[in-house]
Trainee: 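Once you've had a glance at the structure underneath, I'll fire off some questions.
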Amino acid sequence: MCLKRISPNSISRGAILLSLCEKGMILEARRYFDSLIMNNWVQDIVLYNIMIDGYVRHGNVEEAVELYKLITRRGITPTVVTFNSLIHGFCKRRNFHEARRFMDTIRLHGSEPTAVTYTTLMNAYCEDGNMHCMLELLQEMDAKCIVPTHVTYTVFIKALCKQRKLQEAVQLVHDMCDKGLNLDQVTYNTIIQCFCKAQNITKAFKLVNEMLLNNLEPTPVTYNILINCLCVYGNLKDADKLLISLLEQNVNLTKVAYTTIIKAHCVKGDVHRAFMFFHLMVEKGFEISVRDYSAVINRLCKRCLITEAQHFFCMMLSYGISPDHEICEVLLNAYHQCGDLISVYKMLAWMVKSGLLPQRL
DNA sequence: CGCGGTAATC
């Protein structure tokens, strides 16, 4: 664009900044943002909002607040979106005091909190198991004529599910329909998860059919929930069948589908199946982390399947992934427990060579 | 007319 002397506008700049934030490249995002500031190209609050939200998602509320202060120093008026992101940040930390303080600040700026603001706070209270505060906020919304959205309902469905009030959760779904609010995939996934936890697999699958009837394509998360459900509460063979049939149908899946079933097979001790799905996961081109290997190795060691655990360790090395200290410790302990001192020494030597242990023991 | 920002699911 620049070579063709087409100057990016604030919308294309926003797209670039948002993408950097979404990919977790927060430092690069900030560098880009600072370059825009330096050139005086940021007059738009949206760019600040994207950067602030990026920090919040990255878990850095402090930096988000610093940017908010910068906004006020520069005399730029923050929007409700600015505050919603900050409130979300404090909610993630369960700092209800600061979250609510910023809610008041919205009013001081002459605006009103929106359904998003309320839903953000309600979700945090939900995670805290505080239905009382959720209902208080709902009353406040009602008093201020702020209409709950389908997301607000989804948060309440989740809360009722947590309290094992499944009937009331279902009632809420009906209320939504009565109010003309359409359920989306996340709402369905939430309620499907409720029935899975209640070990009502039949109803969970019925809801998937209902989704399809409503022209909602199940998401990768839907399948992760179902696979996990079959692994934990149902028959592991059915989980295998489901995953394989989804693969045959070329359904879009995420890495979680694989790690879920691999985990189950490790726990059950069916290492062959675990291998099979692990290789499949690698073949599909997913990026495999140390954590993915740890999940397998930890579970196999717990079941004293040490040769098998070692196999995964070698596989990790062959893919050029560096083990961390923790994973080595787990293997060391396992070798020790079954009296395989040779392997203990080999491992220690390897750890020293790799800089995971000090030279002098 | 379309294009950029905030809440919920594994």
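Chain letters run A, B, ... following the sequence lines, proteins first, then strands; residues in each count from 1.
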Trainee: Whole angstroms only, please: what is the CG-P distance between A/Leu86 and B/dT6?
Mentor: 13 Å
Trainee: Looking at A/Tyr233, I'd like to know if its OH atom is crowded, meaning that more than 12 non-hydrogen atoms belonging to other residues, nucleotides or ligands lie closer than 6.0 Å.
Mentor: yes
Trainee: Scan the side chains in residues 291-298 of chain A for donor-acceptor partners under 3.5 Å anywhere in the protein, sequence neighbours excluded, and list what turns up.
Mentor:
| unit_1 | atom_1 | unit_2 | atom_2 | d |
| --- | --- | --- | --- | --- |
| A/Asp292 | OD2 | A/Lys255 | NZ | 2.6 |
| A/Asp292 | OD2 | A/Ser289 | N | 2.9 |
| A/Asp292 | OD2 | A/Ser289 | OG | 3.1 |
| A/Ser294 | OG | A/Val290 | O | 3.0 |
| A/Asn298 | ND2 | A/Ser294 | O | 3.2 |

Trainee: For a quick check of understanding: with a heavy-atom distance under 4.0 Å over all strands, which category does A/Ser10 fall into, base, sugar-phosphate or nothing?
Mentor: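 Since a base atom lies under 4.0 Å of A/Ser10, the category is base.
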Trainee: Would you be so kind as to tabulate the donor-acceptor pairs closer than 3.5 Å made by side chains of residues 302-316 of chain A, with sequence neighbours excluded?
Mentor:
| unit_1 | atom_1 | unit_2 | atom_2 | d |
| --- | --- | --- | --- | --- |
| A/Arg303 | NE | A/Val267 | O | 2.7 |
| A/Gln310 | NE2 | A/Tyr335 | OH | 3.0 |

Trainee: Using atom CG of A/Leu18 as one end and atom P of B/dG4 as the other, report the distance to the nearest whole Å.
Mentor: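 So the two atoms are 9 Å apart, to the nearest Å.
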Trainee: Closer than 3.5 angstrom, by distance alone: can the side chain of A/Gln249 be matched with the main-chain N or O of A/Ser245 as a donor-acceptor pair?
Mentor: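 Yes; at least one donor-acceptor contact below 3.5 Å.
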Trainee: Each nucleotide N or O in nucleotides 1-3 of chain B that has a protein N or O under 3.5 Å away: list the pair and distance.
Mentor:
none

Trainee: What I want to find out is whether A/Lys158 reaches A/Glu127 closely enough, with some N-O distance under 4.0 Å, to be called a salt bridge.
Mentor: yes
Trainee: Kindly list each side-chain donor-acceptor pair under 3.5 angstrom involving residues 198-208 of chain A, sequence neighbours excluded, with atom names and distances?
Mentor:
| unit_1 | atom_1 | unit_2 | atom_2 | d |
| --- | --- | --- | --- | --- |
| A/Asn200 | OD1 | A/Lys203 | N | 3.1 |

Trainee: Name all pairs fulfilling the salt bridge (Lys or Arg N to Asp or Glu O under 4.0 Å) condition that reach into residues 174-198 of chain A, sequence neighbours left out, sorted by first residue then second.
Mentor: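 Counting only pairs at least two positions apart or across chains, no salt bridge (Lys or Arg N to Asp or Glu O under 4.0 Å) contact touches residues 174-198 of chain A.
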Trainee: I'd like to know if A/Arg30 and A/Asp34 make a salt bridge, using a cut-off of under 4.0 Å between side-chain N and carboxylate O.
Mentor: yes
Trainee: Shorter than 3.5 Å, N or O on both sides, protein versus nucleotides 7-10 of chain B: list them out with atom names.
Mentor:
| unit_1 | atom_1 | unit_2 | atom_2 | d |
| --- | --- | --- | --- | --- |
| B/dA7 | OP1 | A/Arg57 | NH1 | 3.4 |
| B/dA7 | OP1 | A/Arg57 | NH2 | 2.6 |
| B/dA7 | OP2 | A/Arg57 | NH2 | 3.2 |
| B/dA7 | O4' | A/Thr120 | OG1 | 3.2 |
| B/dA7 | N1 | A/Thr149 | OG1 | 3.0 |
| B/dA7 | N3 | A/Thr119 | OG1 | 3.4 |
| B/dA8 | O3' | A/Lys158 | NZ | 3.4 |
| B/dA8 | N6 | A/Asp184 | OD2 | 3.4 |
| B/dA8 | N1 | A/Asp184 | OD1 | 3.3 |
| B/dA8 | N1 | A/Asp184 | OD2 | 2.6 |
| B/dT9 | OP1 | A/Lys158 | NZ | 3.1 |
| B/dT9 | O4' | A/Thr190 | OG1 | 3.4 |
| B/dT9 | O2 | A/Asn189 | ND2 | 2.3 |
| B/dC10 | O2 | A/Asn224 | ND2 | 2.3 |

